[in-house]
There are 2 protein chains.
Amino acid sequence: MTLSEEDYIKAIYHLGKGENSMVSTNEVAEQMRTKPSSVTDMIKKLSEKGVANYRKYKGVCLTEHGQKLALTLVRKHRLWEVFLVDKLNFAWDEVHEVAEQLEHIKSEKLTDRLDKLLGYPEVDPHGDPIPSKTGEFKKAVKKLLNEVPVGASGTCVGVKDSSAPFLKFLDKNKIALGDAITVLEKEEFDGSLHIEVKGKSIHISNQIAANLYLKITE
Amino acid sequence: MTLSEEDYIKAIYHLGKGENSMVSTNEVAEQMRTKPSSVTDMIKKLSEKGVANYRKYKGVCLTEHGQKLALTLVRKHRLWEVFLVDKLNFAWDEVHEVAEQLEHIKSEKLTDRLDKLLGYPEVDPHGDPIPSKTGEFKKAVKKLLNEVPVGASGTCVGVKDSSAPFLKFLDKNKIALGDAITVLEKEEFDGSLHIEVKGKSIHISNQIAANLYLKITE
DNA sequence: ACAAATATTTAGATTTGCCTAAATTTTAAT
DNA sequence: ATTAAAATTTAGGCAAATCTAAATATTTGT
């Protein structure tokens, strides 16, 4: 598989956590399933193009210009996700791969018209915010379950820990991605929660709650 | 510029004129703005993959499988063109380049859902037919002006001869792409036409008419 | 602070698509 | 039918992205 400059920019952006922190060669390599030496090569090129700042052995971050490019990619990716769900009735959990391809289409007009068609959405189907044309973010509607206030409801849209044991736990407790969840009560002393899922009330530890993402709906 | 296998398949398909005739290395090279030797290389690879039939010095055509791939590409290209015009209000003459990118997106589900969203259109904005999922074509609604029956109307959607002199001629006669045209009268002896364009009645030779495409509307 | 472990870069090879130039085959003209 | 012209393929190289293995730098644990 041959990776594009845009793929590298995206990886650096995401690893930089929105705040444009320095990311290491190995981090990028692992994220992109490639070798560190390949990353070094490409990063040098991005650096020469004025897209990234690279310092040997120190890591890499995006330049202002690089960040603009990254934001544009994120914007396109998330707009396409909304399109797939809202207009083509894809399920929210099957859009990523296709959006991954669509985000590389080069046409500013296309992106802007798509934005308009969709009614200028502020978040994607996973609850992640969509940057505006000028790069501004609205706040996310996605929160870790343990940060959701009592009484609030949402849809389970992702996990932070995707290890087998955790997923197994979810399964055993009949919590699935896509489920509607309401926070009923929060224990003071240990942060554990009573939540309602599929009409059933269950009790989960803070540990668990800290690894489940909710897209808040009310 | 680095061309994909799909680009080659498309070129071979289009040069083969729908009927899957043998096309020459040089034809493909010219169409793709690349060198004959590059074409030879790629054609060999396509042949090994079972997508094309290649005989040294004789030319190339698509296998059954290759034709399926080509049809899928044409289908995707034209569906995206309809999308851009109908849903995103692009002008019909500015969609080609973007559709050229979109046609490479790999997702059968996406294509089928798009088809549905658009109401299963049978022709694209240029009047060219859209293959169905199973590869069937409806007949084109695009005709050369000299083949259009007297009384019929349409929109000028393209030229066969795109040389500067011809385009200059069109300009001088105030015929532009996108214009509505009605055929008023046809001369028996030389095939020349009286047509109405923008409220004006003008007279054009068969020669000219044989190089103007109309998308028939009534 | 030092050695061992880890991370990163460099060197050199590989693959792929493309190119130029030379060799070969086919086509066309007399 | 023969030869000149045109088309096509082959040979050899280049550039880009990647990989492996070796070299170098940084970090960590004691």
Side-chain angles (χ1 to χ4, degrees), chain A residues 1-17 20-63 66 69-70 73 100-101 103-104 106, chain B residues 1-17 20-63 66 69-70 73 100-101 103-104 106:
Chain A
M1 184 50 179
T2 178
L3 300 164
S4 68
E5 274 177 30
E6 290 190 341
D7 293 324
Y8 280 89
I9 291 171
K10 252 185 41 178
I12 296 169
Y13 175 81
H14 283 122
L15 290 169
K17 279 292 174 198
N20 193 23
S21 41
M22 222 66 171
V23 299
S24 76
T25 303
N26 272 12
E27 282 177 292
V28 176
E30 185 179 357
Q31 165 102 10
M32 306 188 68
R33 281 102 171 288
T34 187
K35 302 296 175 214
S37 55
S38 308
V39 174
T40 302
D41 284 349
M42 182 56 93
I43 276 176
K44 281 181 182 169
K45 180 167 313 172
L46 292 180
S47 195
E48 263 150 33
K49 289 205 180 183
V51 168
N53 292 315
Y54 167 58
R55 291 191 27 246
K56 263 192 184 184
Y57 295 103
K58 295 308 180 185
V60 67
C61 64
L62 297 174
T63 61
L69 295 177
L73 286 169
E100 200 80 4
Q101 298 178 62
E103 73 189 0
H104 294 295
K106 280 164 189 47
Chain B
M1 185 46 179
T2 179
L3 300 163
S4 67
E5 275 178 29
E6 290 190 340
D7 293 324
Y8 280 89
I9 292 172
K10 253 184 41 178
I12 296 169
Y13 175 81
H14 283 122
L15 291 169
K17 278 291 175 196
N20 193 23
S21 42
M22 223 64 174
V23 300
S24 76
T25 303
N26 272 11
E27 282 177 293
V28 176
E30 185 179 357
Q31 165 103 16
M32 306 188 70
R33 283 107 167 289
T34 186
K35 302 299 175 207
S37 55
S38 307
V39 174
T40 302
D41 283 349
M42 181 58 92
I43 276 175
K44 281 181 181 168
K45 180 167 314 175
L46 292 179
S47 194
E48 262 150 35
K49 289 206 181 184
V51 168
N53 291 316
Y54 167 58
R55 293 200 15 252
K56 263 193 186 183
Y57 296 103
K58 294 307 183 185
V60 67
C61 65
L62 297 174
T63 62
L69 295 177
L73 285 168
E100 202 78 6
Q101 298 178 62
E103 73 188 0
H104 295 294
K106 281 164 189 48

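Residue numbering restarts at 1 for every chain, and letters A, B, ... go by the order of the sequence lines. The structure presented is a predicted model; accordingly, all values stated were derived computationally and were not measured.
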Base, sugar-phosphate, or nothing: which does [X] touch, judged by heavy atoms less than 4.0 Å apart?
X	result
S38(B)	base
S37(B)	base
T25(A)	sugar-phosphate

Shortest side-chain distance from [X], nucleotide among [options]:
X	options	answer
Y57(B)	dT9(C), dT26(C), dC18(C)	dT26(C)
S24(B)	dT8(D), dT9(C), dT10(D)	dT8(D)
T34(B)	dT9(D), dT8(D), dC18(C)	dC18(C)

Worksheet entry | Heavy-atom donor-acceptor pair, T25(B) side chain to P36(B) backbone, under 3.5 Å | no
Practice prompt. Go through the steps to decide whether Q31(A) and H14(A) satisfy the test side chain to side chain donor-acceptor pair (under 3.5 Å), and finish with yes or no.
Written response: CA-CA 10 Å; Q31(A) 165 102 10; H14(A) 283 122; 5.4 Å; no
Discussion item. Are the side chains of Y57(A) and R55(A) in contact, using a 4.5 Å heavy-atom criterion?
Written reply: no
Distance in angstrom units between [X] [atom1] and [N] [atom2], rounded:
X	N	atom1	atom2	answer
K56(A)	dT10(C)	NZ	C1'	8 Å
E30(B)	dA6(D)	CD	C1'	14 Å
M1(B)	dC19(C)	CE	P	12 Å
R33(A)	dT18(D)	CZ	P	15 Å
D41(B)	dT20(C)	CG	P	13 Å
N26(A)	dA7(C)	CG	P	6 Å
I43(B)	dC18(C)	CD1	P	12 Å
K35(B)	dA15(D)	NZ	P	17 Å

Worksheet item: How far does NZ of K10(B) sit from OG of S4(B), to the nearest 0.5 angstrom?
Response: 8.5 Å
Worksheet entry | Spacing of CG belonging to N53(B) relative to NZ belonging to K58(B), to within rounding of 0.5 Å | 15.0 Å
Worksheet item: Between L3(A) and K58(A), which has a closest nucleotide on DNA chain D that is more 5'?
Response: L3(A)
Worksheet, complete the sentence: Note: for T40(B) and Y8(A) on DNA chain D, the residue whose nearest nucleotide lies more 5' is T40(B)
